[in-house]
Amino acid sequence: MTWRASVLTLFPAMFPGSLGQSLAGRALETGVWSLDVTNIRDFARDRHRTVDDTPFGGGAGMVLRPDIVDAAVDSVADERPVVCLTPRGRHFTQADAQRFADGPGVIMLCGRYEGIDQRVIESRGMLELSIGDYVLSGGELAALVLLDSIVRLLPGVMGAPDSATEESFSSGLLEYPHYTRPAEWQGRRVPDVLLSGHHGAVAAWRQAESERITRERRPDLWAVAANQ
Ligand code: ADE
């Protein structure tokens, strides 16, 4: 079954963007997943194709109208979850990516302007997600980020299935460092244990490096992993 992504945006030309390349692009061509992009402006009803209005209560910027957004969602809605990309959302995680990949697909609403009328977010039961604590000029790049992380988890997209379970975050730890030839480069030697051919010792070294790096760089992740 094809995993389906529907994107609602005021900037449809931003898709598939980077997802038309590399692993995701190949998988799109071979039908592992599909992408349809809907221009929210197509659901405006006035001569000027207006989609937004000034915020009640005053303040800067414009707000996307609930009736327009609702009609756009209606045009693609089915059993799939509806995600709204916003810096006000909960942080998207690898666990979210896996959960979406395990489902039938996703509908993504990309906000622009100051925001989207909260009533349509609530009435549609949208999941508000953020990709980090910084403000993008719209949800489009965030939607591309989510889709990239999800699509690579779909069966048949990545070459070696092992690399998905060993990499950063699936274990709750950051990944150990990697090395390849030459064994010595600019006076820097690859750690001896990796040249030893001793698989047990290599595995132990990698585990210890993962733990050290997680402790140093991400004490928040380490606090969770150390309690498991
Ligand atoms: N739209 C604007 N900024 C965003 C962010 N950080 N995450 C998700 N959507 C956004």
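In each ligand, atom 1 is the first atom listed, and ligand 1 is the first ligand listed.
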G138 heavy atoms within 4.0 Å reach ligand 1 at atoms 1 (N), 2 (C)
Exercise. Passes side chain to side chain contact (heavy atoms under 4.5 Å, CB included), C110 versus V7? Steps please.
Worked result: CA-CA 7 Å; C110 304; V7 174; 3.9 Å; yes
Closest to atom 7 (N) of ligand 1 (heavy atoms only, candidates L141, I131, V145) is I131
message: More than 12 heavy atoms of other residues, nucleotides or ligands under 6.0 Å from CZ of R26: yes or no?
response: no
Ion pair R206/E209, N-O distance below 4.0 Å:
no
Practice prompt. Examine G132 against ligand 1 and note whether any of their N/O atoms are separated by less than 3.5 Å.
Written response: yes
Atom 10 (C) of ligand 1 has as its nearest protein heavy atom P87 CD, 3.5 Å
A142 heavy atoms within 4.0 Å reach ligand 1 at atoms 8 (C), 9 (N)
From the list N39, I68, V63, side chain to side chain contact (heavy atoms under 4.5 Å, CB included) partner of V51 resolves to I68
Among L85, L136, T86, V83, closest by heavy atom to atom 3 (N) of ligand 1 is L136
Strictly below 4.0 Å, N to O, side chains only: are D70 and R119 in salt-bridge contact?
no
Give the C-alpha distance, both sets of side-chain angles, the deciding distance and a yes or no for side chain to side chain contact (heavy atoms under 4.5 Å, CB included) between F43 and V73. CA-CA 10 Å; F43 295 86; V73 173; over 6 Å; no
Quick note on ligand 1: atoms under 4.0 Å from a heavy atom of L129 include exactly 8 (C)
When distances are taken from atom 6 (N) of ligand 1, the protein heavy atom at minimum range is Y134 O, 2.8 Å
